[in-house]
Amino acid sequence: MLRTISKQIYRSFGNVPNIFQTNLFPNSLLKSKNYCLTQQRYKFKRVGDRPLGQQLQILDSVYQSDEWTNVPDKVIELIGRDLYRTPGNPIYLISETLRQNYADHHCYEFTNPVVDVWSNFDSILVPEDHISRKRTDTFYVDAKHVLRAHTSAHQSCCFEKCFQDGKDGKFIVIGDVYRRDEVNRTHHAAFHQCEVVQLYQNNDSEMIKNNVNDLFDLNQPRTELCQERHNPAATKVVENEMKTKVEDYIKRLLGKNLETKWVDAYFPFTHPSWELEIKTPDGEWLEMLGCGIIEQKILDRCGQSNHIGWALGLGLERLAMLYYTIPDIRLFWTRDTGFLVQFSTLEPFERITYRPISSYPQKIFDISFWLPVSEERVNEWSPNDVHAIILDIGGEMVEQAHLVDEWKRAKDGRISNCYRIVYRSMERALTNSEVNLIHHKIEKALIDQLHVQIR
Ligand code: PHE
């Protein structure tokens with residue numbers, strides 16, 4: 001199963017996992033009279049724990065570690081990679097599909113994932129004793145700052161902004177988010193989310209279309225289906241529009257025949273709340289997003305008391321893994337060109353099936369040559385012939401070949417090309433001498449067949 005994005009922490013406050021059952025907290029210790037979490041911290045050193053007062057640089061800011069700090073260097077190293085803003089990364093491509101699909105929403109990107117504790121939790125009504133606030137679940141930079149655990153941390157600051165930015169109550173927030181978790185094929189400390197939000201006011205077209213005159217009904221009590229003082233009919237309009245729009249998007253991406261189901265959920269910041277599950281190609285139901293009607297208290301505090309609205313949070317890795325058949329969440333962070341090259345020229349809604357890359361190292365060799373002199377041969381010159389020769393001779397050992405440099409010599413107008421060939425086998429680590437042998441054969445074929453002059 002892929003990361004259960006919201007299930008694990010922001011969801012039901014009622015079925016919080018009992019952290020005391022984990023091995024980190026042996027029974028003998030729990031029985032000791034003066035047991036408390038803070039003491040526990042120092043008894044069992046965890047990854048990310050640091051001596052107090054150590055300086056931590058994250059982007060342009062320096063923080064001092066304190067007893068809350070638990071963010072490891074390995075995680076800090078990921079900050080600033082900005083995969084969702086890096087063309088050629090699948091996470092960027094999926095972000096683009098969202099930017100395009102929600103084009104009438106203002107798109108906010110806060111490139112610094114360090115937020116204050118208030119934004120990540122209090123601003124969206126996460127209770128004081130909620131499991132997600134624990135050091136076991138969230139990366140604390142210090143007692144006052146965390147690495148945002150979800151894009152919902154930015155909701156509050158965007159409500160007002162989006163009206164100033166000319167997009168009446170509609171925005172998306174895309175960003176890297178961080179959670180303490182196991183690391184495996186489907187879980188990673190850092191992943192990406194897109195928050196989509198839309199606010200409505202009394203005479204919005206959608207309300208008029210549905211004959212809803214007033215968003216509010218002061219006599220309405222809080223029920224399972226509706227917040228207190230909301231007009232149930234308005235809530236229904238908001239729910240329908242949110243659900244239709246996001247299902248359309250997911251089906252646009254993953255296919256119109258995709259099976260989906262809405263499941264009731266709980267989040268501290270929305271009511272009512274739902275999750276969307278989809279049926280994966282291997283027949284499992286997979287949670288794709290959490291959403292709901294924004295708690296009115298949040299909007300009231302942000303000066304939007306004449307609006308009601310919906311919010312949803314979508315995990316980008318899951319979409320990308322399904323869209324391109326990428327088997328391991330860690331691949332998004334790789335700098336391996338065998339991975340990246342497969343996405344480098346794709347358009348946002350262009351679907352490919354990812355070809356697994358070898359786990360053995362690449363051997364990178366260049367070939368530089370002068371193109372043939374005779375005019376006739378220059379005229380019929382085609383890079384495709386170079387690629388054909390490279391593939392013919394290199395076969396399975398060639399992972400990639402690119403023209404990396406081309407220039408004209410001033411004195412006689414001769415043209416020089418440099419091709420970079422990346423050799424790699426799926427089965428074993430290639431040796432320099434065997435790659436050399438192949439590389440020379442390629443050179444020879446280029447001379448014999450295309451009449452180039454090796455430089
Ligand atoms: N922030 C929630 C999570 O990450 C998802 C969510 C967003 C739920 C907005 C409801 C509304 O788990």
Side-chain angles (χ1 to χ4, degrees), residues 1-13 15-17 84 98 102 105 108 110 113 115 117-127 130-134 137-139 146-159 162 169-181 187-199 227 235 238-239 241-243 245-247 249-250 262-277 286-299 302 307-319:
M1 288 287 281
L2 296 183
R3 166 182 280 268
T4 43
I5 316 170
S6 42
K7 201 172 272 169
Q8 70 298 46
I9 61 173
Y10 292 102
R11 205 165 74 160
S12 171
F13 192 38
N15 63 37
V16 168
Y84 63 107
L98 282 154
Y102 288 99
H105 289 234
Y108 294 106
F110 301 92
V115 298
V117 169
W118 185 85
S119 303
N120 198 70
F121 301 116
D122 303 82
S123 77
I124 45 170
L125 313 175
V126 176
H130 196 276
I131 176 80
S132 63
R133 292 193 186 238
K134 296 230 165 5
D137 286 62
T138 291
F139 287 114
V146 297
L147 301 185
R148 64 181 161 218
H150 50 181
T151 41
S152 305
H154 298 290
Q155 268 187 23
S156 290
C157 79
C158 295
F159 290 133
C162 75
K170 296 181 191 155
F171 64 87
I172 66 176
V173 182
I174 303 180
D176 41 334
V177 298
Y178 298 79
R179 289 184 196 171
R180 287 194 84 206
D181 208 337
H187 294 77
H188 195 262
F191 59 106
H192 295 80
Q193 280 190 334
C194 178
E195 193 90 357
V196 190
V197 174
Q198 180 164 349
L199 303 185
Q227 288 178 38
T235 300
V238 173
E239 173 189 342
E241 196 172 28
M242 169 185 73
K243 286 184 172 175
K245 276 191 178 176
V246 75
E247 260 193 90
Y249 163 73
I250 290 186
W262 288 99
V263 183
D264 290 341
Y266 170 84
F267 299 100
F269 28 94
T270 49
H271 182 78
S273 308
W274 301 271
E275 281 165 356
L276 179 67
E277 295 188 0
L286 179 70
E287 179 206 323
M288 293 305 284
L289 63 95
C291 65
I293 312 295
I294 300 166
E295 280 289 354
Q296 199 59 33
K297 255 198 219 156
I298 304 178
L299 291 175
C302 296
H307 290 91
I308 67 171
W310 54 261
L312 66 86
L314 190 60
L316 303 197
E317 272 75 1
R318 286 184 173 194
L319 284 173

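Both ligands and their constituent atoms are indexed starting at 1 by order of listing. Quick note: residue numbers are just sequence positions, from 1.
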Proximity of L312 to ligand 1 by residue part, where a heavy atom lies under 4.0 Å:
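Only the backbone of L312 comes within reach of ligand 1.
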Those atoms of ligand 1 less than 4.0 Å from some heavy atom in [X]:
X: G313; value: 6 (C), 7 (C), 9 (C)
X: S152; value: 1 (N), 7 (C), 9 (C)
X: Q193; value: 3 (C), 4 (O)
X: C291; value: 8 (C), 10 (C), 11 (C)

Of the listed options E195, E275, R148, R179, closest to atom 4 (O) of ligand 1 (non-hydrogen atoms)
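Answer by nearest heavy atom: R179.
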Please check whether T270 reaches ligand 1 - meaning an N/O of the residue sits under 3.5 Å from an N/O of the ligand, judged on distance alone.
no
Under 3.5 Å between some N or O of ligand 1 and some N or O of H150?
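Yes; the residue has a nitrogen or oxygen that sits under 3.5 Å from a nitrogen or oxygen of the ligand.
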Let's go through E195 and Y108 carefully: what are the C-alpha distance in whole Å and the side-chain angles of both, what is the deciding distance for side chain to side chain contact (heavy atoms under 4.5 Å, CB included) to 0.1 Å, and is it a yes or a no?
CA-CA 10 Å; E195 193 90 357; Y108 294 106; over 6 Å; no
Does W310 come within less than 4.0 Å of ligand 1, judged by its heavy atoms?
no
Whether K243 and E239 form a salt bridge (side-chain N of Lys/Arg under 4.0 Å from carboxylate O of Asp/Glu) is what I want to check.
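Here E239 pairs with K243 in a salt bridge, since their nearest N and O are under 4.0 Å apart.
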Using 30° and 60° as the class boundaries, would you call the ring planes of [X] and [Y] parallel, tilted or perpendicular?
X: Y102; Y: Y249; result: tilted
X: Y84; Y: H192; result: tilted
X: W310; Y: H105; result: tilted

Going from CD on E241 to CD on Q198, what distance comes out if it is rounded to the nearest 0.5 angstrom?
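The CD atom of Q198 is 4.5 Å from CD of E241, to the nearest 0.5 Å.
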Could you tell me if the ring centre of F269 sits under 6.0 Å from that of H150?
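Yes: the rings meet the under 6.0 Å criterion.
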